[in-house]
Engineer: 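I have a structure here, written as C-alpha cells, and I will follow up with some questions on it.
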Amino acid sequence: MKTLIQILFFTVVVSAMAQTKSMKKSPPLTESTPISAGMSEERLSFIDDAIMESIENNEIPGAVALVARKGKIIYYKAFGMADNSSKRQIKKDDIFRIASQTKAITATAVMMLWEEGKFRLDDPISDFIPEFKNPQVLDSLIERDSSFVASKADKEITIRHLITHTSGIGYGFIDGDERFKKIYAKAGIIDGFTTEPITIKENVAKLAKLPLHHNPGEKFTYGEGLDVLGYFIEIVSGMPLDEFFRTRIFDPLDMDDTWFYLPKSKYDRLVSLQSFKDGKWEKFPTSKEYDPNFPITGAKTFFAGGAGLSSTALDYATFLQMYLNEGEMNGVRLLSRTTVQFMMANQIGDLWGDSGSYYGLAFGVLDQKGQDKGGEGSIGTFQWGGYFNTMYWADPQEEVIGILMKQTMDIEEDNTGWKFRQVVGQAIDD
C-alpha cells in the first residue's frame with residue numbers, strides 16, 4: 001500500500017511540474033493570411049519557384065516549407081515526393097528525422113532543470129557522471145590498433161562546456177579528425193541513432209573513457225556533448241529522456257508528432273531518406289553507421305539527446321514560437337523570459353571568430369556582421385539544422401520563423417536552403 005501511495009505521489013508531482021501556468025497566454029500557432037501578418041503573398045510565392053526548380057533539377061526529391069510571423073502560419077506547403085520508389089507524394093504533416101535539431105530540445109530540458117536549482121552550469125559533469133573525472137586530451141593515435149596516447153586535461157568538463165560544444169568531445173564517423181573516427185569506431189561509440197539494443201547510459205560510459213580533442217573551453221568542437229547531457233537529464237530528473245521530453249515539453253506544447261521512436265499509427269507519415277544515384281532518387285541503403293529504418297524498427301532503447309528525434313514542420317515551429325514568446329506558449333511556461341535572454345547571449349566568446357554569428361546555450365545566433373551580410377535575418381536570429389537536410393531559423397525582431405524539411409543523403413548540390421531564407425526575408429511588407 002505504501003509503494004502505491006509513493007507511486008501516486010510521484011505521478012502527481014511529475015504532472016504538476018510538467019506544466020507551469022503563466023500570467024502570459026500566447027495563442028497556439030494557427031494558419032492565417034500573409035497580409036494579416038505584414039507579409040506579401042506575391043513575394044512568398046517566390047518560395048514555390050525556388051523549391052520547384054530544385055526538384056526539377058534533381059537537387060531534392062521533395063520538401064515541406066513553413067513560414068510563421070507574429071504567431072500566425074502564413075505559408076505552409078508540401079512539394080514533390082516523400083518516397084520516389086512508391087510514388088508517394090509528400091504531405092504537410094509528414095514526419096522527418098530532425099537529427100541535430102534534437103540538440104535545442106535537449107538544451108531546453110537542461111535549462112528547465114537548471115531553473116529548478118538542480119545544478120549550476122559551471123558544475124563539473126563528473127559530479128553527476130563520475131566516469132568523466134580527470135579527462136584526458138589526445139596526444140597521438142597509434143595507427144596499428146587505434147589505441148592512443150593522451151595527457152591530463154587542464155580542467156574538468158562542465159555542463160556549460162557540454163551545452164556549448166566546447167568540452168573537447170567530438171563525433172565518430174562524422175568527425176572531421178580521422179584520428180577520432182578510428183578511436184570512436186574501436187570503442188563502439190554510437191553517433192546519435194541506432195536500431196541496436198543499446199542505451200544512452202552505455203554509450204556515454206564508453207565515451208567518458210576516450211580522449212578529448214582539446215582542453216575544455218579551449219575551442220568549439222561539434223560533438224556528442226548533448227548526448228552526454230541527455231543522460232545527465234535522466235540522472236537529475238529521475239526519468240528516461242523520452243519521458244521527460246514527453247511530459248515536460250511535448251505534451252505541454254501539443255507537439256504530438258515529435259518522438260524518438262514513432263508510434264505505429266505514424267509509420268506511414270515518415271519521409272524516406274533518399275539519395276540521387278544513376279539518374280534517379282532511391283532509398284538510402286543501410287550501412288554500418290546508419291540504418292535508414294530508424295526510427296520505426298529496432299530495439300528502440302537509445303534516446304540520443306544530440307540527434308535522435310523525428311518531427312514535423314508544425315511541431316518544430318511550435319517549439320520555436322515558444323522561444324519567440326520568451327519561454328511561454330498557450331499559457332504554459334517552460335522557461336523564464338530572463339533564462340531565454342541569457343541563453344541567446346554569446347557563450348563562447350570569440351571561438352567562432354568574425355563569422356557573423358556566435359553560439360548561445362541552444363542555438364547559433366546572428367550578430368551585427370551576420371545581419372549585414374544580407375539574407376540571413378536580423379541581429380539575434382537563432383538557427384540550426386539537421387544531418388538529413390532539415391533547417392530552421394527564428395528572427396525575434398521580425399517575429400519570423402522559417403522551417404524547411406527535406407530528407408536526403410550524399411547529394412551534390414541543394415540551393416533550396418539559402419534561397420528559402422533569402423526569399424522569406426524580402427517578403428516582409430509592413
Side-chain angles (χ1 to χ4, degrees), residues 29-84 88-101 255 257-258 269-274 281 310-321 324 375-377 381-395 398-408 411 413-429:
L29 285 171
T30 54
E31 293 195 51
S32 189
T33 61
I35 195 171
S36 70
M39 300 282 281
S40 164
E41 184 171 5
E42 185 179 7
R43 284 173 168 260
L44 283 171
S45 70
F46 298 166
I47 299 171
D48 300 41
D49 300 335
I51 294 177
M52 287 306 300
E53 182 181 15
S54 287
I55 291 173
E56 289 165 6
N57 291 338
N58 286 315
E59 293 179 9
I60 58 170
V64 172
L66 183 150
V67 181
R69 191 176 192 219
K70 298 182 178 179
K72 299 174 181 178
I73 298 169
I74 46 84
Y75 183 98
Y76 189 16
K77 293 185 180 182
F79 303 85
M81 293 290 184
D83 183 84
N84 286 57
R88 182 172 86 80
Q89 291 191 325
I90 208 163
K91 297 178 181 177
K92 291 194 301 183
D93 68 344
D94 273 350
I95 296 170
F96 297 77
R97 302 160 190 80
I98 61 171
S100 286
Q101 290 186 206
M255 293 172 63
D257 287 325
T258 305
R269 292 167 54 198
L270 181 67
V271 176
S272 294
L273 182 61
Q274 299 188 87
W281 288 101
S310 295
S311 188
T312 61
L314 179 58
D315 266 17
Y316 212 85
T318 299
F319 172 70
L320 297 177
Q321 188 64 49
L324 289 186
E376 298 285 308
T381 294
F382 52 98
Q383 58 206 356
W384 211 249
Y387 187 63
F388 303 116
N389 206 0
T390 59
M391 62 171 284
Y392 68 85
W393 80 94
D395 184 333
E398 295 293 348
E399 300 178 78
V400 171
I401 291 168
I403 296 177
L404 187 60
M405 299 289 217
K406 299 162 285 182
Q407 292 283 265
T408 59
I411 56 173
E413 184 178 32
D414 175 9
N415 292 297
T416 53
W418 68 264
K419 286 184 178 180
F420 173 61
R421 191 162 177 170
Q422 190 167 301
V423 166
V424 171
Q426 59 76 47
I428 294 171
D429 193 31

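Just so we're clear, the structure is a prediction, and the values are computed from it rather than from any experiment. Values below: all heavy atoms of this structure, side chains included; hydrogens, waters and symmetry mates excluded.
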Engineer: About how many Å separate CG of Leu314 and CD of Glu31, when rounded to the nearest 0.5 Å?
Structural biologist: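 So the CD of Glu31 and the CG of Leu314 are separated by 8.0 Å.
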Engineer: Under the criterion side-chain contact (heavy atoms from CB on, under 4.5 Å), which of Glu399, Met39, Glu398 is the partner of Lys70?
Structural biologist: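 Only match with Lys70 under side-chain contact (heavy atoms from CB on, under 4.5 Å): Glu399.
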Engineer: Which pair of non-hydrogen atoms, one from Arg88 and one from Leu270, has the smallest distance, and what is that distance?
Structural biologist: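 That closest heavy-atom pairing would be NH2-O, 3.3 Å.
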Engineer: Between Lys419 and Glu59, does at least one N-O distance fall below 4.0 Å, as a salt bridge requires?
Structural biologist: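 Not counted as a salt bridge, because no side-chain N and carboxylate O are separated by less than 4.0 Å.
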Engineer: Of all residues at least two apart in sequence or in a different chain, which pass the side chain to side chain donor-acceptor pair (under 3.5 Å) check with Thr312?
Structural biologist: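 Result, side chain to side chain donor-acceptor pair (under 3.5 Å) vs Thr312: none returned.
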Engineer: Under the criterion side-chain contact (heavy atoms from CB on, under 4.5 Å), I'd like the reasoning laid out for Phe319 against Met255: C-alpha separation, chi angles, the key distance, then a yes or no.
Structural biologist: CA-CA 8 Å; Phe319 172 70; Met255 293 172 63; 4.0 Å; yes
Engineer: Roughly how far, to the nearest 0.5 Å, is the CG atom of Asp315 from the OG1 atom of Thr258?
Structural biologist: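 So the gap between those two atoms works out to 3.5 Å.
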Engineer: Heavy atoms only: give me the nearest Ala313-Val64 pair and the separation to one decimal.
Structural biologist: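 Taking every non-hydrogen atom into account, CB-CG1, 3.9 Å.
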Engineer: Could you walk me through whether Ile403 and Leu320 satisfy the side-chain contact (heavy atoms from CB on, under 4.5 Å) test, starting with their C-alpha distance in whole Å, then the side-chain angles of each, then the deciding distance to 0.1 Å, before giving a yes or no?
Structural biologist: CA-CA 10 Å; Ile403 296 177; Leu320 297 177; 4.2 Å; yes
Engineer: Side-chain contact test, heavy atoms from C-beta onward, threshold under 4.5 Å: evaluate it for Ile73 versus Val67 and give yes or no.
Structural biologist: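 No. Closest side-chain heavy atoms not under 4.5 Å.
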Engineer: Anything under 30° is parallel, anything over 60° is perpendicular, the rest tilted; go ahead and classify Trp393 against Phe420.
Structural biologist: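 Perpendicular: the ring planes of Trp393 and Phe420 meet at over 60°.
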Engineer: Can you see whether Asp83 engages Ser272 through a side-chain donor-acceptor pair at a distance of less than 3.5 angstrom?
Structural biologist: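 Yes, Ser272 and Asp83 have a side-chain donor paired with an acceptor closer than 3.5 Å.
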Engineer: Using 0.5 Å steps for rounding, measure from the NZ atom of Lys77 to the CD1 atom of Ile47.
Structural biologist: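 Lys77 NZ to Ile47 CD1: 8.0 Å, rounded to 0.5 Å.
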Engineer: Nearest heavy-atom pair of Ala78 and Lys91: which atoms, and what distance?
Structural biologist: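 Minimum heavy-atom separation between Ala78 and Lys91: CB-C, 3.7 Å.
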Engineer: Considering all heavy atoms of both residues, which atom of Ala37 and which atom of Arg69 are nearest to each other, and what is their separation?
Structural biologist: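 It is O-NH1, 3.0 Å.
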Engineer: Between CZ of Arg97 and CG of Asn389, what distance do you get to the nearest 0.5 Å?
Structural biologist: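 One finds 12.5 Å between CZ of Arg97 and CG of Asn389.
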Engineer: Would you say the side-chain atoms of Gln274 pair up with the backbone N or O of Asn84, donor to acceptor, closer than 3.5 Å?
Structural biologist: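 Answer holds: yes.
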Engineer: Please report the shortest heavy-atom distance between Val400 and Val424, naming the atom on each side.
Structural biologist: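 Looks like CG1-CG1, 3.8 Å.
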Engineer: So does Lys406 pair up with Asp414, basic N to acidic O under 4.0 Å?
Structural biologist: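 Salt bridge present between Lys406 and Asp414.
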Engineer: Please name all residues satisfying ring-ring contact (aromatic ring centres under 6.0 Å, His included) with Trp384, sequence neighbours left out, ordered by chain then number.
Structural biologist: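 ring-ring contact (aromatic ring centres under 6.0 Å, His included) check on Trp384 returns Tyr222, Tyr359.
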Engineer: Judged by modelled atom types alone, do Asp93 and Tyr76 share a side-chain donor-acceptor pair under 3.5 Å?
Structural biologist: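 Looking only at side-chain atoms, Tyr76 and Asp93 do not form any donor-acceptor pair under 3.5 Å.
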Engineer: Hey, what do you get for CG (Leu29) to CG (Leu66), rounding to the nearest 0.5 Å?
Structural biologist: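 The distance works out to 7.5 Å.
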Engineer: side-chain contact (heavy atoms from CB on, under 4.5 Å) with Met405: which of Asp94, Ile90, Ile98?
Structural biologist: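 When side-chain contact (heavy atoms from CB on, under 4.5 Å) is applied between Met405 and each of Asp94, Ile90, Ile98, only Ile98 qualifies.
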Engineer: To check you understand the geometry: which heavy-atom pair defines the closest contact between Ala99 and Phe388, and what is its length?
Structural biologist: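 Minimum heavy-atom separation between Ala99 and Phe388: CB-CD1, 4.0 Å.
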Engineer: When rounded to the nearest 0.5 angstrom, what is the spacing between CZ in Phe382 and CD1 in Ile401?
Structural biologist: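 So the gap between those two atoms works out to 7.0 Å.
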Engineer: Under the rule for side chain to side chain donor-acceptor pair (under 3.5 Å), what residues qualify as partners of Thr390, not counting sequence neighbours?
Structural biologist: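 Here the qualifying residues are Gln101.
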Engineer: Quick one: do Gln426 and Arg43 satisfy side-chain contact (heavy atoms from CB on, under 4.5 Å)? Show the steps, please.
Structural biologist: CA-CA 7 Å; Gln426 59 76 47; Arg43 284 173 168 260; 2.4 Å; yes
Engineer: What verdict does the side-chain contact (heavy atoms from CB on, under 4.5 Å) test give for Asn415 and Asn57, after you've listed the backbone C-alpha separation in whole Å, the side-chain angles of each residue and the deciding distance to 0.1 Å?
Structural biologist: CA-CA 10 Å; Asn415 292 297; Asn57 291 338; over 6 Å; no
